[in-house]
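Here's the structure, in structure tokens; my notes come after.
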Amino acid sequence: MPEFATLDHENLNSAVYGALCDALMQGRFQPGDRLKIRDLAEQFGTSVTPIRDAILRLANDEAITFRSPRDIRIPAMSESRYREIRAIRIKLEGLAAETAAQVATSADIEVLERILRENEHAIEVGDRLKGTELNQAFHFMLPQIAGLPVLTVILRRLWLQMGPLISDAYIPGGRAMIDHHYPVVEALKRHDSAAASMAIIDDILLGGKPLLDRIEHGLEREARQA
């Protein structure tokens with residue numbers, strides 16, 4: 001169970017929901033993990049009510065599976081769902097990269113390069129959680145640079161579902177999880193919108209191969225257990 005900072009009681013429900021969203025997108029949960037309402041309430045230092053409300057919202061977001069109050073889990077992603085989300089991400093994140101390339105400043109580039117340096121270190125030491133968090137930070141910097149807040153909100157919904165899978169694949173995926181980020185940065189330096197869009201699409205398609213491998217591995221494991 002990930003550790004969470006205790007929260008004050010102002011806007012508590014939204015704060016709990018936001019913290020759990022961040023945890024999902026940053027890969028602090030993995031497919032198959034079980035969420036326990038009372039354990040989360042203790043972690044957050046709250047009653048069970050805001051936790052239950054956040055869990056129901058996440059179930060509505062299709063980020064968790066709520067079978068009963070005692071059976072709340074991070075779902076495994078099917079191949080068909082992954083491919084659908086991937087197709088949407090290609091369009092939306094391609095737009096983010098294309099637009100970001102038009103307006104990226106030297107300060108923006110420095111932030112992206114710092115994220116890459118820290119991600120290199122995370123991969124080197126096998127820090128799955130930090131690597132997954134930095135991967136998400138890199139991708140979300142693009143709509144931020146582009147000044148597209150509505151797009152960011154849409155992407156958050158997709159990454160709620162993607163985060164646990166990316167986390168599961170991050171260390172087995174190795175260099176594939178980061179190598180395709182470098183051409184994105186180089187395209188932004190040149191203000192080359194077309195190249196930036198293609199680079200992030202390459203990252204989603206080629207860098208995403210370990211994600212498909214994890215899905216297939218999970219299906220094979222289920223078949224053996226059946």
Are [X] and [Y] within salt-bridge range, i.e. N to O under 4.0 Å?
X	Y	result
Arg114	Glu110	no
Glu93	Arg86	no
Asp61	Arg57	no
Glu62	Arg81	yes

Q) Under the side-chain contact (heavy atoms from CB on, under 4.5 Å) criterion, do Gln30 and Ile74 qualify, and how do the steps go? A) CA-CA 7 Å; Gln30 290 183 274; Ile74 306 300; over 6 Å; no
Hey, quick one: are [X] and [Y] part of the same hydrophobic cluster, counting side-chain heavy atoms closer than 4.5 Å, chains of contacts allowed?
X	Y	value
Val150	Met25	yes
Ile166	Leu206	no
Val153	Leu160	no

Q. Taking the side chain from Thr152 and the backbone from Leu148, do they hold a donor-acceptor pair closer than 3.5 Å?
A. yes
Q.
For Asn119 and Tyr170, which I'm curious about, is there any donor-acceptor pair between the side chains at under 3.5 Å?
A. yes
Q. Just checking, is any N or O donor in the side chain of Thr105 or Asp108 under 3.5 Å from an acceptor N or O on the other one?
A. yes
(Q) Before you tell me yes or no, could you show the steps for Leu20 and Leu58 under side-chain contact (heavy atoms from CB on, under 4.5 Å), namely the whole-Å CA-CA distance, both residues' side-chain angles and the distance that decides it to 0.1 Å? (A) CA-CA 9 Å; Leu20 288 175; Leu58 288 168; 3.8 Å; yes
How many angstroms lie between [atom1] in [X] and [atom2] in [Y], if you round to the nearest 0.5 Å?
X	Y	atom1	atom2	result
Asn13	Thr49	CG	OG1	8.0 Å
Tyr17	Asp22	OH	CG	10.5 Å
Ile64	Leu35	CD1	CG	6.0 Å
Leu134	Ile178	CG	CD1	8.5 Å
Gln136	Leu24	CD	CG	11.0 Å

Q: Could you check whether the rings of Phe138 and His181 sit parallel, tilted or perpendicular, using 30° and 60° as the cut-offs?
A: parallel
Q.
Applying side-chain contact (heavy atoms from CB on, under 4.5 Å) to Arg70 and Lys36, what does each step give before you reach the verdict?
A. CA-CA 7 Å; Arg70 295 183 179 276; Lys36 299 180 180 180; over 6 Å; no
Q) Applying ring-ring contact (aromatic ring centres under 6.0 Å, His included), which residue pairs with at least one partner in residues 88-124 are found, sequence neighbours left out? A) none
Q: Quick one: do Leu211 and Met177 satisfy side-chain contact (heavy atoms from CB on, under 4.5 Å)? Show the steps, please.
A: CA-CA 10 Å; Leu211 307 185; Met177 307 304 289; 4.2 Å; yes
Q. For Ser167, which residues count as a side-chain hydrogen bond (donor to acceptor under 3.5 Å, both in side chains) partner, sequence neighbours excluded?
A. Arg128
